[in-house]
Amino acid sequence: MKITEIERDAVYKTIFSRRDVRSDFTKQTVPDDVIKRILTAAHHAPSVGFMQPWDFIVVNDIEAKKQIKQGFDEANAESKQMFNDEQQSKYQQFKLEGILEAPLGICVTCDRNRNGPVVLGKTIKAEMDLYSSVCAVQNLWLAARAENLGVGWVSIIEDDILRDALGIPNNIEIIAYLCIGYVSKFKDKPELESAGWLPRRSVDKAIHYNKWSTENL
Ligand SMILES: Cc1cc2nc3c(=O)[nH]c(=O)nc-3n(C[C@H](O)[C@H](O)[C@H](O)COP(=O)(O)O)c2cc1C
């Protein structure tokens, strides 16, 4: 099956207009069939040895969300202290989660023991299962953008808070907690770029030919 030019352009448009979204969520309900579509897209991510180590916990329970938000607030207060004074004043202006505003949360996990102890492709680098689950997150993120849904990744939270709020056993790794919902707008650029936290690195500096090179760095 060949991808047409219009379809190709739609893929690039989706990639370049995807944003991490923490504000501007609307109250519009996300229909079940749309949730199913983005989760099915996530489920079609590549995975080492076709292990499919991920699971998805869809969260709309307000009590669970409040518990997660409280966990974020504590972790965020602790995290802020790790930056210097100048950075701290910028840091505290950032909104780094949309846990309560987003109609949905989705927690993506990784079962590192799925399909037994020896998995094709994971024999030398055991962490490939974790990377596979991250691929599922990216598929979800892009599919959501194609559905005009905003997604924000909340990583400033202790795993134990999510385990407790969502009943995740200790043998299951937590990969991501995502806030999802329709939004009034998507920003043109990453907020951290617009705020002058860090610039986008030029793609030419990221590309090396044949050997790692520090020339471009
Ligand atoms: C693994 C991962 C964890 C992230 N965790 C957070 C987070 O806890 N809070 C937050 O505001 N953004 C978080 N982000 C979003 C990044 O800040 C964002 O992707 C980056 O600034 C680029 O912006 P863009 O996604 O809009 O292109 C995370 C992104 C990734 C990939």
Side-chain angles (χ1 to χ4, degrees), residues 11-25 38 41-42 45-47 53-54 56-57 59 65-83 87-102 104-110 127-163 165-166 173-203 205-206:
V11 171
Y12 283 122
K13 181 175 179 181
T14 306
I15 289 171
F16 292 126
S17 64
R18 182 210 53 77
R19 287 275 75 80
D20 186 87
V21 177
R22 280 94 56 197
S23 46
D24 306 317
F25 286 109
I38 63 171
S47 63
W54 46 70
F56 311 105
I57 306 170
V59 184
K65 284 182 180 178
K66 281 184 184 163
Q67 207 179 328
I68 293 167
K69 170 72 162 74
Q70 162 106 33
F72 166 84
D73 286 341
E74 284 162 18
N76 198 38
E78 185 188 329
S79 302
K80 194 183 82 178
Q81 307 301 329
M82 297 176 189
F83 297 92
Q87 288 172 322
Q88 273 191 40
S89 61
K90 266 192 182 170
Y91 185 99
Q92 57 202 14
Q93 288 167 26
F94 294 138
K95 181 161 176 4
L96 299 173
E97 53 73 41
I99 298 162
L100 296 179
E101 302 91 321
L104 285 180
I106 294 182
C107 186
V108 181
T109 58
C110 177
E127 65 273 28
M128 290 299 142
D129 49 2
L130 301 171
Y131 299 167
S132 302
S133 287
V134 176
C135 290
V137 174
Q138 183 68 349
N139 264 20
L140 186 158
W141 211 334
L142 291 173
R145 181 62 188 91
E147 300 278 1
N148 289 310
L149 283 167
V151 173
W153 189 325
V154 186
S155 52
I156 306 164
I157 187 158
E158 297 285 354
D159 280 356
D160 282 349
I161 302 285
L162 291 168
R163 289 191 190 289
L166 307 177
E173 285 296 325
I174 294 171
I175 302 298
Y177 184 81
L178 307 168
C179 301
I180 302 187
Y182 291 108
V183 285
S184 52
K185 62 172 184 287
F186 284 91
K187 296 193 164 71
D188 292 339
K189 286 180 174 185
E191 277 180 73
L192 295 185
E193 184 181 7
S194 304
W197 185 262
L198 278 176
R200 184 179 294 283
R201 187 175 172 223
S202 132
V203 64
K205 292 198 170 188

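Quick caveat: nothing in here was measured; it's all calculated off a predicted structure. Side chains are part of it too, since the values below use all heavy atoms of this structure and drop only hydrogens, waters and symmetry mates. When a residue number appears, it is its place in the shown sequence, counting from 1. In listed order, ligands and their atoms are each counted from 1.
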Chemist: Is it true that Lys95 and Glu97 have a side-chain N and a carboxylate O under 4.0 angstrom from each other?
Modeler: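 Glu97 and Lys95: salt-bridged.
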Chemist: Are Lys187 and Asp24 within salt-bridge range, i.e. N to O under 4.0 Å?
Modeler: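 Answer for the salt bridge query: yes.
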Chemist: Begin from the C-alpha positions of Gln92 and Gln88 and carry the test side-chain hydrogen bond (donor to acceptor under 3.5 Å, both in side chains) through to its verdict.
Modeler: CA-CA 6 Å; Gln92 57 202 14; Gln88 273 191 40; over 6 Å; no
Chemist: Which residue and atom name correspond to the protein heavy atom nearest atom 18 (C) of ligand 1, and how close is it?
Modeler: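 For atom 18 (C) of ligand 1, the nearest protein heavy atom comes out as Asp20 CB, 3.9 Å.
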Chemist: Is Val154 close to ligand 1, meaning an N/O of one under 3.5 Å from an N/O of the other?
Modeler: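 N/O-N/O distance under 3.5 Å: no.
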Chemist: Measuring to protein heavy atoms, does anything land under 4.0 Å from atom 13 (C) of ligand 1?
Modeler: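 There is a protein heavy atom less than 4.0 Å from atom 13 (C) of ligand 1.
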Chemist: Taking the basic N atoms (NZ, or NE/NH1/NH2) and the acidic carboxylate oxygens, is any pair closer than 4.0 Å for Arg163 and Glu158?
Modeler: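 No salt bridge links Arg163 with Glu158.
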Chemist: Show the atoms of ligand 1 that are less than 4.0 angstrom away from any heavy atom in Ile156.
Modeler: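 Those atoms are 8 (O).
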Chemist: Which protein non-hydrogen atom lies closest to atom 7 (C) of ligand 1, naming both residue and atom, and how far is it?
Modeler: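 Here the nearest protein heavy atom works out to Trp153 O, 3.0 Å.
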Chemist: Answer yes or no: does an N/O atom from Arg19 fall short of 3.5 Å to an N/O atom of ligand 1?
Modeler: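 Checking ligand 1 against Arg19, an N or O pair does fall under 3.5 Å apart.
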Chemist: Is the closest heavy atom of Lys189 to ligand 1 under 4.0 Å?
Modeler: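 So Lys189 does not count as touching ligand 1.
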Chemist: Which atoms from ligand 1 have a heavy atom of Leu192 less than 4.0 Å away?
Modeler: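 Once the distances to Leu192 are compared, the set is 17 (O), 21 (O).
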Chemist: Hey, are Lys65 and Glu101 close enough for a salt bridge, meaning a charged N less than 4.0 Å from a carboxylate O?
Modeler: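 No, no charged N to carboxylate O under 4.0 Å.
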Chemist: Who's the nearest protein heavy-atom neighbour of atom 25 (O) of ligand 1, and how far?
Modeler: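 That would be Arg18 NH1, 2.9 Å.
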